[in-house]
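Everything below concerns the one structure shown next.
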Amino acid sequence: MNRGSVFIVSAPSGAGKTTLCRMITERLKGIEHSISYTTRAPRPGEVNGRDYYFVDREEFMRMVEGGEFIEWAEVHGNLYGTSKRRLMERIEQGMDVILDIDTQGARQIRQQALEATFIFIMPPSMEVLKQRLLNRGSDSEDVIKRRLKNALDEIADYKHYDYVIINDILEEAFDELKAVILSRRVSISKVDHQWIKEQFLNTESLREY
Ligand code: ADP
Ligand code: 5GP
């Protein structure tokens with residue numbers, strides 16, 4: 001069986017990556033969202049083990065020291081990390097996996113042997129970004145201010161990504177993200193050469209047709 005692909009999706013907070021990644025895993029087969037560990041407190045409606053694994057700093061640092069994260073970073077004052085074992089297990093099983101991680105985490109993945117496709121989601125403007133964070137209603141004014149400040153640093157990193165998607169009209173951004181994922185699935189590196197050989201390039205087919 002072919003290994004699954006890894007898709008790294010980064011964006012400034014509020015650009016819509018959670019919304020887009022959820023649409024992808026709901027509407028596309030064979031792809032799932034990697035569930036990160038975080039020391040951030042759950043937002044209303046977030047569920048432990050579905051949205052994140054919520055842990056305290058002590059537990060998180062124990063995992064860091066145990067080498068359990070393929071990448072981890074401090075983002076907006078909280079720690080976030082991706083379990084190496086879980087990710088490798090799923091791609092070995094042929095599942096595609098989306099990692100919704102910040103630009104520091106993406107940089108750490110780029111430095112490793114792991115093959116991945118890097119996608120950056122942009123908001124249409126800073127004003128819209130601010131409005132989305134306010135409308136989401138999940139963060140205090142202070143937190144929103146900090147996230148908007150960090151947004152500029154994150155956007156400055158877009159050149160290191162393979163694809164840039166502007167999330168203005170949600171359905172259009174979804175179509176673009178889906179196109180990136182589907183094109184990866186049909187790339188030559190994913191082709192089952194053995195199957196093509198058996199179906200078309202065996203001596204019997206060559207004699208018969
Ligand atoms: P992120 O995960 O990047 O922080 P979210 O997915 O939580 O962002 O989106 C932030 C807010 O913006 C949410 O309330 C979401 O419903 C809304 N949103 C996302 N994409 C769009 C869009 N294209 N148009 C309008 N609102 C959007
Ligand atoms: P939020 O608190 O809004 O859910 O996420 C804040 C930021 O942390 C987002 O930029 C998100 O992509 C990032 N993030 C979430 N999980 C991880 C992770 O496992 N590693 C890293 N490096 N960043 C993460």
Side-chain angles (χ1 to χ4, degrees), residues 6-26 32-55 60 63-64 68-87 97-112 114 116 118-140 142-144 146-158 160-161 165-177:
V6 175
F7 297 93
I8 307 293
V9 176
S10 303
S13 184
K17 69 187 165 323
T18 306
T19 307
L20 283 165
C21 291
R22 193 166 295 157
M23 287 167 82
I24 288 290
T25 52
E26 279 171 6
E32 66 185 26
H33 184 246
S34 151
I35 305 166
S36 298
Y37 286 78
T38 185
T39 61
R40 166 166 80 60
R43 294 185 182 129
E46 281 185 334
V47 176
N48 188 35
R50 185 193 69 187
D51 301 290
Y52 281 106
Y53 296 106
F54 296 99
V55 293
F60 192 97
M63 292 180 74
V64 169
E68 292 185 40
F69 293 126
I70 191 162
E71 64 75 36
W72 70 276
E74 177 152 1
V75 191
H76 316 305
N78 297 300
L79 303 175
Y80 296 83
T82 304
S83 157
K84 185 175 191 166
R85 187 177 52 80
R86 258 171 214 282
L87 175 65
V97 183
I98 301 191
L99 268 61
D100 153 0
I101 61 176
D102 86 314
T103 51
Q104 304 170 72
R107 210 170 302 141
Q108 293 170 39
I109 299 282
R110 245 181 251 118
Q111 285 160 1
Q112 304 188 26
L114 184 72
F118 293 81
I119 305 158
F120 196 89
I121 312 283
M122 290 265 188
S125 68
M126 280 304 282
E127 199 41 51
V128 169
L129 186 66
K130 184 175 171 189
Q131 209 48 54
R132 283 188 189 160
L133 285 172
L134 289 169
N135 291 348
R136 186 165 71 186
S138 57
D139 301 299
S140 65
D142 260 12
V143 169
I144 290 181
R146 185 188 316 192
R147 286 179 179 237
L148 282 172
K149 232 170 150 204
N150 289 346
L152 299 172
D153 285 337
E154 296 189 55
I155 290 173
D157 238 45
Y158 78 94
H160 301 298
Y161 287 72
I165 295 173
I166 299 170
N167 179 22
D168 185 0
I169 312 289
L170 187 60
E171 282 298 328
E172 287 179 12
F174 167 77
D175 284 345
E176 288 170 357
L177 183 55

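Numbering of ligands and ligand atoms starts at 1, following listing order.
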Review point. What part of Asp100, side chain, backbone, both or neither, has a heavy atom within less than 4.0 angstrom of ligand 1?
Key: neither
Revision key, fill the gap. Looking only at protein heavy atoms, what sits closest to atom 20 (N) of ligand 2 is Glu71 OE2, 2.8 Å
Practice item. Please say whether the positively charged group of Arg107, taken as NZ for Lys or CZ for Arg, lies over the ring of Phe118, i.e. under 6.0 angstrom from the six-membered ring centre and within 45 degrees of the axis. Key: no
Practice item. Ignoring angles and geometry beyond distance, decide whether Gly81 reaches within less than 3.5 Å of ligand 2 through its nitrogen or oxygen atoms. Key: yes
**Study point:** Where Ser83 and Tyr37 come nearest, the two heavy atoms and their spacing
**Key:** CB-CE1, 3.9 Å
Practice item. Pull out every atom of ligand 2 sitting under 4.0 Å from any heavy atom of Ala73, numbered as shown with elements. Key: 22 (N)
Exercise for review: Would you name the heavy atoms of Ala173 and Asn167 that are closest together and state the gap between them?
Suggested key: CB-OD1, 3.6 Å
Point to revise | Contact (N/O only, under 3.5 Å) between Ile169 and ligand 1 | key: no
Practice item. State the atoms of ligand 2, each with its element, that fall below the 4.0 Å cut-off from a heavy-atom position in Gly105. Key: 22 (N)
Point to revise | Student check: side-chain heavy atoms of Trp72 and Met63 closer than 4.5 Å | key: no
Check your understanding: Taking N or O atoms only and a 3.5 Å limit, does Glu46 qualify as a polar contact for ligand 2?
Key -> no
Check your understanding: Mind checking whether Ala11 has a heavy atom under 4.0 Å from ligand 1?
Key -> no
Review point. What is the nearest protein non-hydrogen atom to atom 17 (C) of ligand 1, stated with its residue, atom name and distance?
Key: Arg132 CD, 4.2 Å
Revision key, fill the gap. Correct closest heavy-atom pair for Ala11 and Glu154 would be O-OE1, 3.5 Å
Exercise for review: Ignoring hydrogens, just give me the one of Asp102, Thr82, Asn78 whose non-hydrogen atom is nearest atom 13 (C) of ligand 2.
Suggested key: Asp102
Exercise for review: For atom 12 (O) of ligand 2, find the nearest protein heavy atom and state the residue, atom name and distance (0.1 Å precision).
Suggested key: Asp100 OD1, 2.7 Å
**Study point:** Contact summary for Cys21 and Asp100, nearest pair of heavy atoms
**Key:** SG-CB, 4.5 Å
Practice item. Give the atoms of ligand 1, by number and element, whose distance to some non-hydrogen atom of Gly16 is under 4.0 Å. Key: 1 (P), 3 (O), 5 (P), 6 (O), 8 (O), 9 (O), 19 (C)
**Study point:** Closest approach of any protein heavy atom to atom 19 (O) of ligand 2, naming residue and atom
**Key:** Ser36 OG, 2.7 Å
Review point. Counting only N and O atoms by type, is there a donor-acceptor contact under 3.5 Å from the side chain of Glu71 to the main-chain atoms of Ala106?
Key: no
Revision key, fill the gap. For Ser13, the atoms of ligand 1 under 4.0 Å from one of its heavy atoms are 4 (O)
Exercise for review: Mark yes or no for whether Ser10, through its side chain, and Ile101, through its backbone, hold a donor-acceptor pair below 3.5 Å.
Suggested key: yes
Check your understanding: Can you tell me if Ala173 has a non-hydrogen atom under 4.0 Å from ligand 1?
Key -> no
Check your understanding: Would you say Phe69 contacts ligand 2, with heavy atoms under 4.0 Å as the rule?
Key -> no
**Study point:** Atom indices of ligand 1 within 4.0 angstrom of Leu170 heavy atoms, with elements
**Key:** 20 (N), 23 (N)
Check your understanding: Is the shortest N/O to N/O distance between Asn135 and ligand 1 below 3.5 Å?
Key -> no
Point to revise | Closest heavy-atom pair and its distance - Glu74, Gln104 | key: O-NE2, 3.0 Å
Exercise for review: Would you confirm whether Arg132, through its side chain, and Ala15, through its main-chain N or O, come within 3.5 Å as a donor-acceptor pair?
Suggested key: yes
Check your understanding: Quick one: does Asp139's side chain have a donor or acceptor within less than 3.5 Å of a partner on Ile144's backbone?
Key -> no
Review point. Can Asp51 and Arg22 be counted as an ion pair, charged N to O under 4.0 angstrom?
Key: yes
Exercise for review: Check ligand 1 against Thr19 and write out every atom of the ligand that is under 4.0 Å from a heavy-atom position of the residue.
Suggested key: 5 (P), 6 (O), 9 (O), 15 (C), 19 (C)
Check your understanding: ligand 2 versus Tyr52, non-hydrogen atoms closer than 4.0 Å: side chain, backbone, both, neither?
Key -> side chain
Study note, to complete from the structure: Closest non-hydrogen contact found for Glu176 with Ile166 is OE1-N, 4.4 Å
Review point. Does Lys17 have a non-hydrogen atom less than 4.0 Å from ligand 2?
Key: yes
Exercise for review: Ignoring hydrogens and angles, tell me if any N or O in the side chain of Gln108 forms a donor-acceptor pair with the backbone of Ile70 under 3.5 Å.
Suggested key: no
Practice item. Look only at the side chain of Thr38 and the backbone of Leu79, and say whether a donor-acceptor pair between them is shorter than 3.5 Å. Key: yes
Review point. What residue and heavy atom of the protein are closest to atom 7 (C) of ligand 2, and at what distance?
Key: Val75 CG1, 3.7 Å
**Study point:** Which residue and heavy atom of the protein sit nearest atom 6 (C) of ligand 2, plus the separation
**Key:** Tyr80 OH, 3.5 Å
Check your understanding: In terms of atom number and element, which parts of ligand 1 are under 4.0 angstrom from non-hydrogen atoms of Asp168?
Key -> 22 (C), 23 (N), 24 (N)
Practice item. Nearest heavy atom to atom 3 (O) of ligand 2 wins, so pick from His76, Arg147, Arg40. Key: Arg147
